[in-house]
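Keep in mind that this is a model prediction, so the values were computed, not measured.
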Amino acid sequence: MNASQVLSQFAATGVQTCFHNRHIEPQIYAGLNGTNWRLKDYVARGGYQALRKILGLDGSEPMTQDQVIATVKESALRGRGGAGFPTGLKWSFMPRQFPGQKYLVCNSDEGEPGTCKDRDILQFNPHIVIEGMAIAAYAMGISVGYNYIHGEIFTTYERFEEALQEARDAGYLGDKILGSGFNFELHAFHGFGAYICGEETALLESLEGKKGQPRFKPPFPASFGLYGKPTTINNTETFAAVPWIIRNGGQAFLDVGKPNNGGTKLFSVSGDVELPGNYEVPMGTPFPKLLELAGGMRGGRKLKAVIPGGSSMPVLPADVMMACTMDYDSIAKAGSMLGSGAVIVMDETRCMVESLLRLSYFYMHESCGQCTPCREGTGWLWRMIKRIHEGQGRPDDIELLNSVADNIQGRTICALGDAAAMPVRAMIKHFRAEFEHLIEHKTRLAPVAA
């Protein structure tokens, strides 16, 4: 079944995204119109049927923890936060027979530039995240969970709190859920707006009330996480995919996508397109199809480059990107990563040096300062790019940029150093001529769009 055949089975919805009223469904945003986010609306769409199914309250036998995990493994659901790690495999790492408290954490600290999908899920379909987390908690024998919500979306945090109270009042959270022997309490936590807290161990530090700085790994959260206890952390969109998988089966989810890349994926398309917004399409959808859904290039201009997975991912030139399908393996083969699913589209008028200057400033500003290569190196990168951009570049600056990036990448506790280094190396690799032109002629090779 190809992408167009899958999409033809579902109707486009009027969900308001961060940018535009345009959205392609099938699973996470099914039946939404931007106002019907309440519990009664979610239940009317089949909500909490998956939870009833695993508890054996739909007339069938209760599912065992192993059966739930096996179903998620079969689906080929991969983490939607950036790393793309197999979700079912991650769940299997949790020591289910651990005698003490264990924790489940949802990473809703969506701070990656260009990304605005998770906040939309929490805003327009919060109960799907609650149900997904309850199912995950059941599968791993966890009784307490937290949703860490980005600090700059307080109204979304308030809505999620309302949804939590609805779920508690209806018996979907708390002790003896729906009359069963399963207990799970879920809390919302309002973050502080720091980009670094999107890194899972920095998030745990912040959740514990400490400065949000990444931890050394190992130990990994599955053995030493929140408050030193075994912890599993997944992204908002990852949890939101779980109820559909349980209701319809792992194979059905896999069939929507492609091998090793099951289901649908939400892409936040921004930049030089006519209809920027969030789009849910089957994994493996060709990039030209996604670009078409977003209205094509703004003003009829030509595509120049795309950052396919958020600002921390390597940029790809137009010809490479147009040959890609939107899945982890295809984007990796092309030399970048799917990351958070933030697709930043740049047209022919964009200056790559200018674009890199803005990105490098962001990562310099957001470095937590714990690691010397990142703390010092991100500043060096920004100052060198700024020098080139202002027409004061030196002949050896390009190689110096590559050298500094090489000495940052892979040499820090977390991946923020990589996030600062990879865009630099990719911009120079694919658009070196623009850097050379600015250094030699002190003017831009292409004008920046107004």
Side-chain angles (χ1 to χ4, degrees), residues 1-11 24-31 42 45-81 83-94 96 121 125 128-129 131-140 232 234-267 279-286 289-290 325-333 338 341:
M1 182 177 290
N2 60 38
S4 61
Q5 290 172 322
V6 171
L7 291 173
S8 69
Q9 298 180 43
F10 305 96
I24 301 298
E25 186 267 326
Q27 292 157 11
I28 292 173
Y29 277 160
Y42 182 62
R45 298 192 298 270
Y48 290 106
Q49 286 183 3
L51 182 59
R52 291 180 176 275
K53 179 178 179 179
I54 66 170
L55 296 176
L57 302 177
D58 64 347
S60 62
E61 287 293 316
M63 294 179 69
T64 66
Q65 293 175 318
D66 287 336
Q67 286 174 328
V68 175
I69 292 175
T71 301
V72 175
K73 283 183 176 179
E74 182 184 26
S75 73
L77 172 65
R78 296 172 64 167
R80 303 306 201 221
F85 192 82
T87 303
L89 183 59
K90 177 182 275 193
W91 290 8
S92 70
F93 294 157
M94 173 60 69
R96 280 176 280 155
I121 297 172
N125 206 2
I128 201 170
V129 179
E131 185 180 14
M133 292 189 71
I135 292 167
Y138 175 88
M140 291 178 277
T232 294
N234 284 122
N235 168 260
T236 315
E237 186 186 349
T238 309
F239 284 122
V242 170
W244 197 97
I245 293 170
I246 298 300
R247 286 200 311 270
N248 298 278
Q251 187 61 49
F253 189 82
L254 176 58
D255 289 343
V256 172
K258 59 183 294 189
N260 200 40
N261 294 267
T264 62
K265 176 81 183 75
L266 279 163
F267 292 99
Y279 296 83
E280 185 179 3
V281 298
M283 291 286 275
T285 295
K289 176 64 176 178
L290 180 63
T325 56
M326 300 307 293
D327 59 84
Y328 295 98
D329 299 332
S330 176
I331 300 297
K333 186 177 180 180
L338 199 65

- [ ] Evaluate the side-chain proximity of Lys90 to Asn234: yes if any heavy-atom separation is below 4.5 Å, no if none is.
- [x] yes
Open item on the list: For Thr264 versus Arg80, what's the shortest heavy-atom pair and its separation?
Closed with: O-NH2, 2.8 Å
Task: Side-chain (Thr71) to main-chain (Gly249) donor-acceptor, under 3.5 angstrom - done: no
Task: Main-chain N/O of Ala50 paired to Glu131 side chain as donor or acceptor, under 3.5 Å - done: yes
- [ ] Quick one: closest heavy-atom pair of Gly79 and Tyr328, and the distance?
- [x] O-OH, 2.8 Å
Open item on the list: Could you report the tightest heavy-atom contact between Trp91 and Ala139, atom names first, then the distance?
Closed with: CE3-CB, 4.1 Å
Open item on the list: Show every salt bridge (charged side-chain N to carboxylate O under 4.0 Å, His left out) that has at least one partner inside residues 55-67, sequence neighbours left out.
Closed with: Asp66-Arg96
Task: The single option from Asn248, Val242, Leu77 passing side-chain contact (heavy atoms from CB on, under 4.5 Å) against Phe253 - done: Leu77
Open item on the list: Filter on ring-ring contact (aromatic ring centres under 6.0 Å, His included), then keep only pairs touching residues 57-78, sequence neighbours left out; what's left?
Closed with: none
Task: Sequence-distant partners of Tyr138, ring pair (Phe, Tyr, Trp, His ring centres under 6.0 Å), two or more places apart - done: Phe182
- [ ] Report the residue from Thr325, Leu254, Leu338 that forms a side-chain contact (heavy atoms from CB on, under 4.5 Å) with Met283.
- [x] Leu338
Task: With sequence neighbours excluded, residues passing side-chain contact (heavy atoms from CB on, under 4.5 Å) with Asp329 - done: Arg78, Asn260, Asn261, Asp327
TODO: Working to the nearest 0.5 Å, report the span between OH of Tyr48 and CZ of Arg247.
DONE: 12.0 Å
Task: Distance-minimising heavy-atom pair for Ile331 and Met326 - done: CD1-SD, 4.3 Å
Open item on the list: Distance check, rounded to the nearest 0.5 Å: Thr87 atom OG1 versus Ile69 atom CD1?
Closed with: 11.5 Å
Task: Listed partners of Lys265 passing salt bridge (charged side-chain N to carboxylate O under 4.0 Å, His left out), at least two apart - done: Glu237
TODO: Any chance you could lay out the side chain to side chain contact (heavy atoms under 4.5 Å, CB included) test for Val72 and Ile135, step after step, and finish with the verdict?
DONE: CA-CA 11 Å; Val72 175; Ile135 292 167; over 6 Å; no
Open item on the list: With rounding to the nearest 0.5 angstrom, report the CD1 to NZ distance, Ile246 to Lys53.
Closed with: 7.0 Å
Task: Residues which pass side chain to side chain donor-acceptor pair (under 3.5 Å) with Gln65, listed by chain and number, not counting sequence neighbours - done: none
Task: Pairwise distance NZ(Lys73) to CG(Leu89) - rounded to 0.5 angstrom - done: 6.0 Å
- [ ] Check Thr238 against Gly81 and note the closest heavy-atom contact, atom names and distance.
- [x] OG1-N, 4.4 Å
Task: Distance in Å, Thr236 OG1 paired with Ile128 CD1, rounded so as to fall on 0.5 Å steps - done: 12.0 Å
TODO: Give, for atom OG1 of Thr285 and atom CZ of Phe267, the distance between the pair rounded to the nearest 0.5 Å.
DONE: 7.0 Å
